[in-house]
Asks: 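The structure under discussion is supplied below as structure tokens; questions concerning it will follow.
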2 protein chains.
Amino acid sequence: MKLSTKGRYAVMAMTDLAGHADRRAVSLAEIAERQQLSVAYLEQLFARMRRRGLVVSARGPGGGYRLARPAEETTIAEVVTAVDEPLRATRCGGKDGAIGCMRGGARCLTHDLWEETGRQIQDYLASVSLADVLSGHLRREPAVAA
Amino acid sequence: MKLSTKGRYAVMAMTDLAGHADRRAVSLAEIAERQQLSVAYLEQLFARMRRRGLVVSARGPGGGYRLARPAEETTIAEVVTAVDEPLRATRCGGKDGAIGCMRGGARCLTHDLWEETGRQIQDYLASVSLADVLSGHLRREPAVAA
DNA sequence: AGGAAGACCGAGTAATTTAGTCAACTATGC
DNA sequence: GCATAGTTGACTAAATTACTCGGTCTTCCT
């Protein structure tokens, strides 16, 4: 899981979109104006989100974007992974194979740790929808028995 | 919360140290050998961890590092924040003030989201100790019935 | 028909960050 | 007093990030 500003901008833009989708499509120019981002940059982000099926587009005058699904059913995790793509964990596992992993000392005990950490973040972000962000309704764990 | 390879290396090195701290101090050369990292780079990492009080050092022949506290009492969160330092959340709040935040549209509704996300990661990493990693004892939510 | 709004696309670049090196210094034990 | 080993800080190369640019294709309106 990756947390760059890119992912943050995408969420900002999507939240904006979710908040202004009365019925008509919303143009990137509008979002750019409100969120203080460049149209060109937004294009990049929305292209990816369209490919992932998070938004649908309409060309021509009066065109723009709208959410493919209701705000309640679109999670932050989906938005972030749509624009941030890769998600390599440790340097072992996929690519280098044995390098660093499975070695004399602490081997890749750390491998499991990062796997689990990634899962933890993923789980949280998947539990929050655009509607939640829009309503300021962020879940705070009920404090699991101390 | 930041998750760079630097932080991962630091955890690898600390885990190695925790696993080889019989009684004597462990030299960076040993760790470098086992974990396949350069001594020069490890120096950087340990310097920071020493300042944070996670390890204590001994100079001269037979010298090296050892944990300042038992492995059970040193958390991954401490190690990671020791070497990765900064931890800026959104671009609002601290630095730019009102830029991007508190604007017409979705304002900084996203602000709370990232705050909470950071806390989520922090909490998890703070719940894992070096000893846990060493023993492969990573908490996985009790597998909800399944 | 034709012009303007606006999505779409790929390549390209500037700046930041990261990872890692180097050289020189200081303390300690034998 | 020499070898071991930590300490410091500046420096650099590579990668990544964030972002721009030029141009195309579609659709609507007159």
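The chains referred to below are lettered A, B, ... by the order of the sequence lines, with proteins before strands, and numbering in each begins at 1.
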Asks: For a quick test of reading the model: is some side-chain N or O of A:Arg50 closer than 4.0 Å to OP1 or OP2 of C:dC9?
Replies: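 Yes.
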
Asks: In whole angstrom, what separates B:Arg48's CZ from D:dT8's C1'?
Replies: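 It is 13 Å, rounded to the nearest whole Å.
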
Asks: When the distance from OH of B:Tyr9 to P of C:dT18 is rounded to whole Å, what number comes out?
Replies: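 Nearest whole value for this atom pair: 14 Å.
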
Asks: Of B:Gly60 and A:Gly60, whose closest DNA chain C nucleotide lies nearer the 5' terminus?
Replies: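 In this pair, the answer is A:Gly60.
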
Asks: Roughly how far, to the nearest 0.5 Å, is OG1 of B:Thr15 from CD1 of B:Ile76?
Replies: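 These two atoms lie 5.5 Å from each other.
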
Asks: Calculate the interatomic distance between A:Phe46 atom CZ and C:dG10 atom C1'; express it in whole Å.
Replies: 20 Å

Asks: Once you round it to whole Å, what is the distance between P of C:dA23 and OH of B:Tyr41?
Replies: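 Atom-to-atom, B:Tyr41 to C:dA23, this comes out as 20 Å.
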
Asks: Expressed in angstrom and rounded to an integer, what is the separation of B:Met49 atom CE from D:dT7 atom P?
Replies: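 In whole Å, D:dT7 P and B:Met49 CE are 11 Å from each other.
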
Asks: B:Leu37 CG to C:dG20 C1': how many Å, rounded?
Replies: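 Rounded to whole Å, this separation is 11 Å.
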
Asks: Sequence neighbours excluded, which residues qualify as side chain to side chain donor-acceptor pair (under 3.5 Å) partners of B:Ser4?
Replies: B:Asp84

Asks: Using the side-chain heavy atoms of B:Pro61, tell me which of these nucleotides is nearest: C:dG6, D:dA3, C:dA19.
Replies: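 From the listed options, D:dA3 comes nearest.
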
Asks: I'd like to check the salt bridge (Lys or Arg N to Asp or Glu O under 4.0 Å) partners of A:Arg69; sequence neighbours left out, ordered by chain and number.
Replies: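 For A:Arg69, the residues satisfying salt bridge (Lys or Arg N to Asp or Glu O under 4.0 Å) (neighbours in sequence not counted) are A:Glu78.
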
Asks: Provide, to the nearest angstrom, the distance between the CG atom belonging to A:Leu42 and the C1' atom belonging to D:dA18.
Replies: 13 Å

Asks: Base, sugar-phosphate, or nothing for B:Tyr65, non-hydrogen atoms under 4.0 angstrom?
Replies: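 Sugar-phosphate contact only.
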
Asks: Would you say the side chain of A:Glu43 and the base of D:dT20 hold a donor-acceptor pair, judged only by whether the two atoms sit under 3.5 Å apart?
Replies: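 It does not, because no donor-acceptor pair links the side chain of A:Glu43 to the base of D:dT20 below 3.5 Å.
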
Asks: Checking contacts here: which listed nucleotide (D:dG6, C:dT21, D:dA18) is nearest the side-chain heavy atoms of B:Ser27?
Replies: D:dG6

Asks: Of all the choices, D:dC19, C:dT18, C:dC9, which nucleotide is nearest to the side chain of B:Thr5 once you look at every atom?
Replies: C:dT18

Asks: Are any side-chain N or O atoms of A:Thr5 and backbone N or O atoms of A:Arg8, one a donor and one an acceptor, separated by less than 3.5 Å?
Replies: no

Asks: Determine whether any donor atom in the side chain of B:Arg59 lies under 3.5 Å from an acceptor atom in the base of C:dT26, or the reverse, and answer yes or no.
Replies: yes

Asks: So, under a plain 3.5 Å distance rule, would you say the side chain of B:Gln44 forms a donor-acceptor pair with the base of D:dT8?
Replies: no

Asks: Measure the distance from CG on B:Leu45 to C1' on C:dT21 and round it to the nearest whole Å.
Replies: 13 Å

Asks: The side chain of B:Ser38 lies closest to which of these nucleotides: C:dC8, D:dC19, C:dT21?
Replies: C:dT21

Asks: Find out whether A:Gln44 and A:Tyr41 are in side-chain contact, i.e. whether some heavy atom of one side chain is under 4.5 Å from a heavy atom of the other.
Replies: yes

Asks: With a 4.0 Å cut-off on heavy atoms, is A:Ala58 in touch with a base, just the backbone sugar-phosphate, or nothing at all?
Replies: sugar-phosphate

Asks: Take A:Leu125 and B:Gln120, measure what side chain to side chain contact (heavy atoms under 4.5 Å, CB included) needs, and give me the verdict at the end.
Replies: CA-CA 10 Å; A:Leu125 293 183; B:Gln120 210 79 16; over 6 Å; no

Asks: If you assign B:Ala47 and B:Gly63 each to the DNA chain D nucleotide with the nearest heavy atom, which residue ends up on the more 5' nucleotide?
Replies: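 It is B:Gly63 whose nearest nucleotide is closer to the 5' end.
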
Asks: Does a side-chain N or O from A:Ser57 land closer than 4.0 Å to OP1 or OP2 of C:dC8, or not?
Replies: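 For C:dC8, OP1/OP2 do have a side-chain N/O of A:Ser57 under 4.0 Å.
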
Asks: B:Leu28 side chain: which of D:dT27, D:dG6, C:dG20 is closest?
Replies: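 Of the candidates, D:dG6 comes closest.
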
